[in-house]
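Count residues from 1 along the sequence.
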Amino acid sequence: MRPAVSIALILVALTVLADSAQDEPTEPTLTQKFEKFQNKLQAFAESIADKTKAAFQELHHREFSEKARNWFSEQFQNLKEKFNEKFSRD
């Protein structure tokens, strides 16, 4: 009877060890690590792109920017008119 009890205890112990080995999380492979890194980097790049785009749009629509563009357009138009007056052939 003793060998039967010992064999039963060994089987129970092996079953417990096998279950605990399956429950332990395996370390991610190198490929999985690179995929995770790629996803994080892509998300970071997208957030930076969105923030940069928003900042440029805000800068473009500010009153100061519009006034500066209008001033440069007026000055350029004035310069064109002066050149046409000076160098036009009559």
Side-chain angles (χ1 to χ4, degrees):
M1 179 121 168
R2 284 190 178 236
V5 172
S6 341
I7 292 173
L9 286 176
I10 290 174
L11 288 175
V12 170
L14 288 175
T15 305
V16 169
L17 286 174
D19 287 342
S20 67
Q22 290 176 356
D23 291 341
E24 291 179 9
T26 58
E27 188 163 326
T29 63
L30 187 59
T31 305
Q32 291 171 336
K33 288 180 182 180
F34 277 126
E35 287 175 357
K36 185 177 178 181
F37 176 71
Q38 179 185 7
N39 291 338
K40 285 185 178 182
L41 191 61
Q42 186 175 6
F44 175 73
E46 288 173 358
S47 71
I48 292 294
D50 291 340
K51 289 177 183 178
T52 304
K53 184 178 179 181
F56 275 114
Q57 286 178 345
E58 181 182 338
L59 180 66
H60 182 73
H61 295 295
R62 284 192 174 169
E63 182 181 353
F64 174 76
S65 299
E66 290 178 8
K67 285 183 179 179
R69 279 193 303 275
N70 291 339
W71 183 82
F72 277 113
S73 295
E74 290 171 5
Q75 297 306 316
F76 184 70
Q77 190 64 33
N78 290 339
L79 188 63
K80 279 175 47 177
E81 289 173 3
K82 286 182 182 178
F83 268 103
N84 285 337
E85 288 175 6
K86 293 279 183 183
F87 298 110
S88 66
R89 293 183 181 178
D90 291 330

Can you give the donor-acceptor pairs under 3.5 Å from side chains of residues 33-56 to other protein atoms, not counting sequence neighbours?
residue	atom	partner	partner atom	Å
N39	ND2	E35	O	3.3
S47	OG	F44	O	2.8
T52	OG1	I48	O	2.8

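Between the S73 side chain and the R69 main chain, a donor and an acceptor come within less than 3.5 Å of each other. Of the possible polar contacts, none joining the S65 side chain to the H60 backbone as a donor-acceptor pair under 3.5 Å is found.
Around CD of E81, the count of heavy atoms belonging to other residues, nucleotides or ligands within 6.0 Å exceeds 12.
In this structure, CD1 in I10 is found 11.5 Å from OG1 in T15, a value given to the nearest 0.5 Å.
A 4.5 Å side-chain heavy-atom check between Q77 and K80 finds at least one atom pair inside the cut-off.
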